[in-house]
Amino acid sequence: MNSFTFTQAAAVAGAVQDKAAHEGSAYIGGGTNLVDLMKENVARPTHLIGLKKLGLDTIETLPDGGLRLGALASNADTAWHPEVEKRYPLLNQAILAGASPQLRNMATDGGNLMQRTRCYYFYDLATPCNKREPGSGCSAIGGYNRVCGILGTSDSCIATHPSDMCVALAALDTTVRVSGPNGERTIKFEDFHRLPGDHPERDNTLEPGELITGLDLPEKGFAKNFSYLKLRDRTSYAFALVSVAAALELDGNTIKDARLALGGVAHKPWRDKEAEAMLIGQPATADTFRRVAAKVLANAKGYGENTFKIELAKRAIVRALKQATEMKQEVDTNAFLNSNP
Amino acid sequence: MTLQTDYIGKPTSRVDGPAKVTGTAKYAAEYNVPNLLYGYVVSSPIAKGKITKIDAAPVLALPGVQQVFSHENVPHYALLDRSYKDQIAPGGSPFRPLHDAEIKYSLQPVALVVADTFELARYAASILHIEYEEAAHETELSQHIDEAYEPGRGKAGYQPPKSRGNFGKGWKEGVAHMEAQYSHHAQHHNPMEMFATTVEWLGDKNLNIYDKTQGAFNSQLLVTKVFGLSKDQARVISKYTGGGFGSGLRPQYQLLLAVMASLQLERSVRVSLTREQMFSFGHRAETLQHVALATAADGSLTGINHFAVAETSQFEDFTENVVGWSGMLYNCKNVELGYRLAKGDIYTPLDMRAPGAASGSIALEIAMDEMAYAAGLDPLEFRLRNYSDIDQAQDLPYSSKALRKCYHEGAAKFGWEQRTPEPGSMRDGNLLVGWGMGGGVWDASKMPATVKASLDADGHLTVSSGTNEIGTGTYTIMTQIAAESMGLPIEAVTFVLGDTTLPQSPIQGGSWTAASVGNSVVEACTKLGEALLKQAQKMDHPAFKDAKIDDVQFANGQMRLRADDTQAVVLRDVVQASGEPKIDAENSTVLAKLEMLKPPRYSMHAHNAVFVEVKVDPELMTVHVTRVVNAVAAGRIINPKTARSQVLGSVVWGLGMALMEESVMDHRFGRYMNHSLAEYHVPVNADIHDIDVVFVSEEDDKVNPLGIKGLGEVGLLGVAAAVANAIYHATGKRVRDMPITIDKLL
Ligand SMILES: Cc1cc2nc3c(=O)[nH]c(=O)nc-3n(C[C@H](O)[C@H](O)[C@H](O)COP(=O)(O)OP(=O)(O)OC[C@H]3O[C@@H](n4cnc5c(N)ncnc54)[C@H](O)[C@@H]3O)c2cc1C
Ligand code: SF4
């Protein structure tokens, strides 16, 4: 870790200016990812801009019936906010499936979107990694890629975005609000994170200096039929091998509307709108779910250590949709967690 | 002197608990001695090759950087391998940090940057420019089986496995057979506390060395040999160790680096390793194993064959007893055992909780399950039919063996008789239920240990020995034993450890501390009792005039006549009457040392049987271990509370071995890749459900006077195999490569 200076920004405009004024500076939210990266010398910012005093830690209902999550609201406060619990339980479940209580208390919603991949090579300076050092090569291809992606990968990078929260945000059609040197703008969630292509060093479409200020959830929260299913190597405190956010609107047993997004499989939360369209109008049966699962994974590519994820993801999709339909958590890991005395 | 059961056998809370939870218990990196410098280790990014250039100048130019140490400027303190051998070094040539330009393994220490602050040292280390010339490395064990060789006896205590009878004949005699390959990967101990050494420079090469270790004397031995210091100059202190599991059995390189820097700079220096660097020294060796079993029509074993190949470094032959247990645990005439090593460009493996047995029992106990199925027998019934009443490996009777009780009591507690044998035949709603079992055997050892007991004029007893507390409860059980021996309330007793100025004790390992130090505590207290009696006889106490030590007993702070307990004298008064501030006594280890030279008359071992329930989702193949019963026969249990914690920890460890724990090496780089606690998975609270620990009664007056067998390790045996067996029972899938992650079940 190198030495750095720190300022606690008091206003969004000031933070953005401070960022522009310091080359090699970085915003810091809860620091749960950035500080680790600094300790590992993966990130070497010379100046940090604290965001916690920006007053962006509120969660408010919007006039159109939606909900605005301040970028600095903690993951824990967000999950346990009464409106989130009541109207967006999918988001509540996804957040609680991630990290640990201590981390969720520190982590911010903006930081959650911006967290970097957990690909082992990205963290280890002794190995080549295009995301860390463009042009050096991708060690995960042909290496230990159990945690890597199977959808939307490229020859330069097969990393995944590790967030759970973002999978639910993607499914829920969230809008990201940002402020930057050129003013404010909004980004649709599906356009926020990018696929690696030839530029895996870029995780998302934020322009240099832009700051996330908030996340707008639309009114529709799919509170009646939803499931966040996370499969991982231990019951808690592990990143998803595969996760599925499924949300349905049902009329009897017929699917009226559907949302389906996957985590742990791609460089971005993997929302599949074609799969959603396939669900609409169909009966909510295992048959339907299997067809949809096959479609989602049709173009998946395994890299050896992670090839199992293709089959696992199919089964997880079927199960998540079934759980959303029946609103009975069968045996997902969260159910085990909750039954643990 | 006979012992009363005042404290021994009673659940007693840790005497060091308050110090630990209030943060006053100090660990090696927490001694903030004045004018301290901080060293940060730079680790090699390559697995094999040479350092061609170190450009220290820019780093040295940073204000506050004191020195950059590397092979270019570190003097060669000692020349011979012998000087670098610690008490338990295996055969070969021990690794010498910063000795030459050669890189022998990835993460090898290549430089030490010393600066005024930790932060500066860390930063300076991150910009130190080092160039390497890479050479081709080899780290993949499976590629080197052909080159495997039989190791020598370089490591103290290692015995090559002994075959007996004729396995080929036994195999032919059998009517049912099984044969399979098993494997598990490397594992790193990863105790919570990072390895660190704080060296306090007291002038003129006099050092106080606060070290993270499982053996203060072992660290001292190495430091004195390497640096040519006297024992007085190198005092090693280690009051608390934040988890050992074997990682601290050998002194690690941060000790040598910290002492070197201190001697060179004539300053106090601390060197702490990072979590990543915890992957830069010893680990549980990866093994590849082969087991073949055959049974007669009645289910009795006619042949056992167990062969293992384990990895070791290029420079040392790390050996452990992986297959020997397979010649002991079950009754069989024809046993063929083999154990070989294959070298790789890795650091030397190191004993890790139940070394050898934990690895071997995975293969043996899964194989026993496979054999039971092949023979059409219940796995418990199969083991009972092959119960071994004597130790056939040594051809000796057991000093005691209550394994049968473990089987029966464990099975009863678990409800084993409800089990239906068919895989997939038991369900809980939609979930597949599987019940599996396993078990094992572990040495009950005792080593010579010296203990001093000292009673002061306030009636406070201080008992001391240079053993270590690695979290097992040593402080507590020694206090219990001493309090009971001297008939004092536990509050009036302090046990002191972890300092080379104290009487010498063996390293804390091998599950022998309770027996070794515990019995010595009794001996020292007996000596103290004799001294007190002598003193009492000088006082005006006609009743004690002709009394012998056996005529008196110690209770309630008094010494009293057994024959008439109204004849008593308060111990405090005895000390006061002596005119001395305290009365001391120390046990002698002469007899204990002689005993070690004699051939054993009994085989002395602890045993366990473990029963596991898993629930498996039939589509997602997620596994949850919902119930474990671990029945342990380990002689006398001094403190059921800390003993239970030991076995709970073992079970959790075993579940991790079965389901998630592995150090993942990318062989292209020869480097472990999951070197953080986020990615090196061990179970979390949410993975752990019901664990029931049963201590079956086992009285043993032959193993040692207190009847202690030790239980830091035995509880781990068979746990991973039992999980694997339960998964088979649930799913019909036999996984023989640990850990059993979800991908192996899909
Ligand atoms: C051991 C461990 C386990 C974990 N397990 C999980 C898990 O299972 N599931 C899961 O989803 N997550 C997991 N996490 C990740 C955790 O959710 C993220 O670290 C956290 O959400 C990041 O938020 P933060 O506020 O701490 O970000 P920081 O560390 O402060 O920042 C991360 C990045 O975001 C940038 N940034 C922060 N705020 C803003 C902003 N408002 N605008 C623009 N840029 C910004 C920073 O510059 C930095 O680059 C785990 C983390 C750890 C350490
Ligand atoms: S997958 Fe991406 S992050 Fe991982 S090594 Fe390759 S380039 Fe780096």
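Note that these values count all heavy atoms, side chains included, but never hydrogens, waters or copies made by symmetry. In what follows, every chain begins at residue 1, and chains take the letters A, B, ... in the order their sequences are listed.
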Counting only non-hydrogen atoms closer than 4.5 Å, does B/Val682 touch chain A with its backbone (N, CA, C, O), its side chain (CB onward), both, or neither?
both
Relative to chain B, which segment of A/Leu125 carries a heavy atom at a distance below 4.5 Å: side chain, backbone, both, or neither?
neither
With a 4.5 angstrom heavy-atom cut-off, which part of A/Arg118 approaches chain B: side chain, backbone, both or neither?
both
Rounded distance (nearest 0.5 Å) linking atom CD of A/Glu311 with atom CD of B/Glu619:
11.0 Å
To the closest 0.5 Å, what do you measure between CG (A/Leu231) and CG (B/Asp617)?
8.5 Å
Do A/Tyr237 and B/Pro683 have side-chain heavy atoms sitting under 4.5 Å apart?
no
Contact listing (chain A partner; residues 737-746 of chain B; heavy atom under 4.5 Å)
B/Thr741, B/Ile742, B/Asp743, B/Leu746
More than 12 heavy atoms of other groups within 6.0 Å of A/Asp155 CG:
no
Which heavy atom of B/Leu620 sits nearest a heavy atom of A/Leu312, and at what distance?
O-CD1, 3.9 Å
Please report the interatomic distance CZ(B/Arg275) to CD(A/Glu40), rounded to the nearest 0.5 Å.
12.0 Å
I need the A/Asn41 CG to B/Arg122 CZ distance, nearest 0.5 Å.
8.0 Å
Heavy-atom pairs under 4.5 Å with chain B: which of A/Gly142, A/Ala238, A/Ala316 has the most?
A/Gly142
Tell me, do A/Tyr120 and B/Ser676 make a side-chain contact under 4.5 Å, heavy atoms counted?
no
Highest number of heavy-atom pairs under 4.5 Å with chain B among A/Lys309, A/Glu305, A/Arg44 belongs to A/Arg44
Given side chain to side chain contact (heavy atoms under 4.5 Å, CB included), test B/Met665 with A/Tyr144 step by step and report yes or no.
CA-CA 8 Å; B/Met665 162 110 32; A/Tyr144 190 73; over 6 Å; no
Would you please go through residues 126-141 of chain B and name the residues with a non-hydrogen atom below 4.5 Å from one of chain A, in numerical order?
B/Ser126, B/Ile127
I'd like to check B/Glu276 versus A/Asp124 (side-chain heavy atoms, cut-off strictly below 4.5 Å). Are they in contact?
yes
Do B/Thr274 and A/Lys39 have side chains that approach each other closer than 4.5 Å (heavy atoms only, starting at C-beta)?
no
Residues A/Thr235, B/Asn685; criterion side chain to side chain contact (heavy atoms under 4.5 Å, CB included); working and verdict:
CA-CA 8 Å; A/Thr235 313; B/Asn685 282 336; over 6 Å; no
Over all atoms of both residues, closest heavy-atom pair of A/Arg234 and B/Leu677:
NH2-O, 3.5 Å
If you round to the nearest 0.5 Å, how far is CG of B/Asp687 from OG of A/Ser236?
8.0 Å
Applying a strict 4.5 Å limit to non-hydrogen atoms, the region of B/His667 in contact with chain A is neither
Is it true that B/Asp666 and A/Tyr121 share a donor-acceptor pair across their side chains at a distance under 3.5 Å?
yes
Region of A/Ser100 in contact with chain B, defined by heavy-atom distances below 4.5 Å:
neither
Side-chain contact, heavy-atom cut-off 4.5 Å: A/Met1 with B/Tyr123?
no
For residues A/Gly143 and B/Arg668, report the shortest heavy-atom separation together with the two atoms involved.
CA-NH2, 3.2 Å
Check whether B/Met673 gets within reach of chain A through its side chain, its backbone, both or neither, counting any heavy atom under 4.5 Å.
both
